[in-house]
Amino acid sequence: MRVAVLGCGYVGLVAAACLAELGHDVICVDTDREKVEFLDRGESLIHEEYLPEILARHHGKRLFFSWDLKEAVHQSLVVIIAVGTPANESGDADLSYVETATREIAIALNSHKIIVEKSTVPVQTSAWIQRSMVLNGCSASDFDVVSNPEFLREGTAVTDFLYPDRIIVGSRSERAATLMRQLYSKLMDGSYSAQAGAIPAPTDAASVPLYLDTSPETSELIKHASNAFLAMKISFINAVSVIAEATGADIEDVRVGIGSDKRIGHRFLRAGIGYGGSCFPKDVSAFQAIAASCGTDFKLLQEVRQVNEDQLTRFVAMVRKALWNVKGKKVAVLGLAFKSDTDDVRESPAIKVIRELLEQECQICAYDPAAMERTRALLKDSIIYAADPYSAMNDADALLILTEWKEFSALDLTRVRGLMKYPIVIDGRNLYSAEQMREAGLNYYSIGRPPVEVVHPLPVRANVAKIS
Ligand code: NAD
């Protein structure tokens, strides 16, 4: 099938490359000319496993990049909208990029198209797209609007796309429903995974994904409710971690105990410094705003957001407590991306922690395997950028672990101890056990677990953190 993808961002680029991998002819369009030029030169722009391989495989053959939206629409039967939907001041989703894209599609329409809404949008957006198309001169019979939310996770985006748990399609016409099944047929009949050179399936991939044909409203609601639910799981375990910290319980064992109940599951149940990224924060607040517009006060979502904010405040308080005074101290930071295996720093809790510490006049020396460049664009020269984890901690008063990169869980702790001025590690991702830290002679503070104080323990005080 001929497909146009509007937006060469984290979702659009991965979707375009993966659709080419499935045998479709794809043009990926962006208004950002620089991005298009980079992609055209063969640079993948984002850090994502397998993306460079499939871009190299299809670029110039079945996959093209362009800023000419009109031409891309002309040549395509399916037009996928994958533009950003950031939060606006009031927390609602800013749908202006979706509206602009819709208007441009309407102006370019030359034959019947299936317009696929892949951006995460509030329920009933497909109806707005439909109306906007008509207001911009199209006849309702010239197009179908389909909701097909994207569930990929940054870091495993390519395999999430090619081996999904489920494909959700919300449409109002038989024709659109049939074409969408064709778009994904290779994922449904197993022919993609069987093909030579296929990207390997993750071990936990579903043998056949669930394919749900439904209404656009249901499909849109599924996406927002999914993200809100996942954010809720994270906030739930973080709220429990506060009780664990205050009572001497161990949140890691609590997590294993809770998660092994099949009804609950282990995933998204790790205590830490809270969720971030370009999706959860904005999607939870947009979902809350939609609930309010439907006349219901979804208070649970407010609590999910509050717990998330408190978790960060509590972590900074933990740093302060471990260091006694933070002003003028040199703090090594490992991890800048909002999660591991990505270079994305949008709404990264790590960046928020750093900003707080800079406010308090700390010196920060940081390292991340993928997110240095994007962090530099945000924080400029306010911090020092280290070439590797160990040079970040040279002569540091404390080490902070803020992203759960695998390489940060296998540090040579004796070397760490030798490099640092004070033997203090504050771990926002619970990557180490108390025994490992005790053996290395490091004072260790983590989330929801008793502290390890091998070097000059302070007299015990009730550990009840108060948020102000
Ligand atoms: P992004 O900001 O990385 O990319 C959006 C791209 O769209 C930008 O490159 C921008 O220049 C381009 N754009 C804006 N207006 C355009 C137009 N009229 N025509 C062509 N291009 C245009 O955003 P993203 O992370 O890829 O997210 C896109 C959407 O997908 C959002 O709604 C997001 O919530 C959703 N989503 C994101 C993820 C994720 O992990 N990032 C996962 C699932 C869903």
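Values reported hereafter were calculated over all heavy atoms of this structure, with side chains retained and with hydrogens, waters and symmetry mates removed. All residue numbers refer to positions in the sequence shown, counting from 1. Both counts, for ligands and for their atoms, begin at 1 and track the order of listing.
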Chemist: Is the shortest distance from a Lys or Arg side-chain nitrogen in Glu347 or Lys352 to a carboxylate oxygen in the other one below 4.0 Å?
Modeler: yes
Chemist: Any side-chain donor-acceptor pair under 3.5 Å between Thr159 and Thr156?
Modeler: no
Chemist: Tell me whether the guanidinium CZ or amine NZ of Arg346 lies under 6.0 angstrom from the six-membered ring centre of Phe338 and within 45° of its axis.
Modeler: no
Chemist: Write down, by chain and number, every protein residue that brings a non-hydrogen atom to less than 4.0 Å from an atom of ligand 1.
Modeler: Gly7, Gly9, Tyr10, Val11, Val29, Asp30, Thr31, Asp32, Lys35, Leu69, Ala82, Val83, Gly84, Thr85, Tyr97, Ala101, Glu104, Ser119, Thr120, Glu150, Leu152, Glu154, Lys223, Ser278, Cys279, Lys282, Arg346
Chemist: Using the side chain to side chain donor-acceptor pair (under 3.5 Å) rule, collect all pairs that involve residues 35-48, keeping only residues at least two apart or in two chains.
Modeler: Asp40-His59
Chemist: Asp388: which residues meet the salt bridge (Lys or Arg N to Asp or Glu O under 4.0 Å) condition with it, sequence neighbours left out?
Modeler: none
Chemist: Return all side-chain donor-acceptor pairs below 3.5 angstrom for residues 96-107, not counting sequence neighbours, or 'none' if the list is empty.
Modeler:
unit_1	atom_1	unit_2	atom_2	d
Ser96	OG	Asp94	OD1	2.7
Thr100	OG1	Ser96	O	2.8
Thr102	OG1	Val98	O	2.7

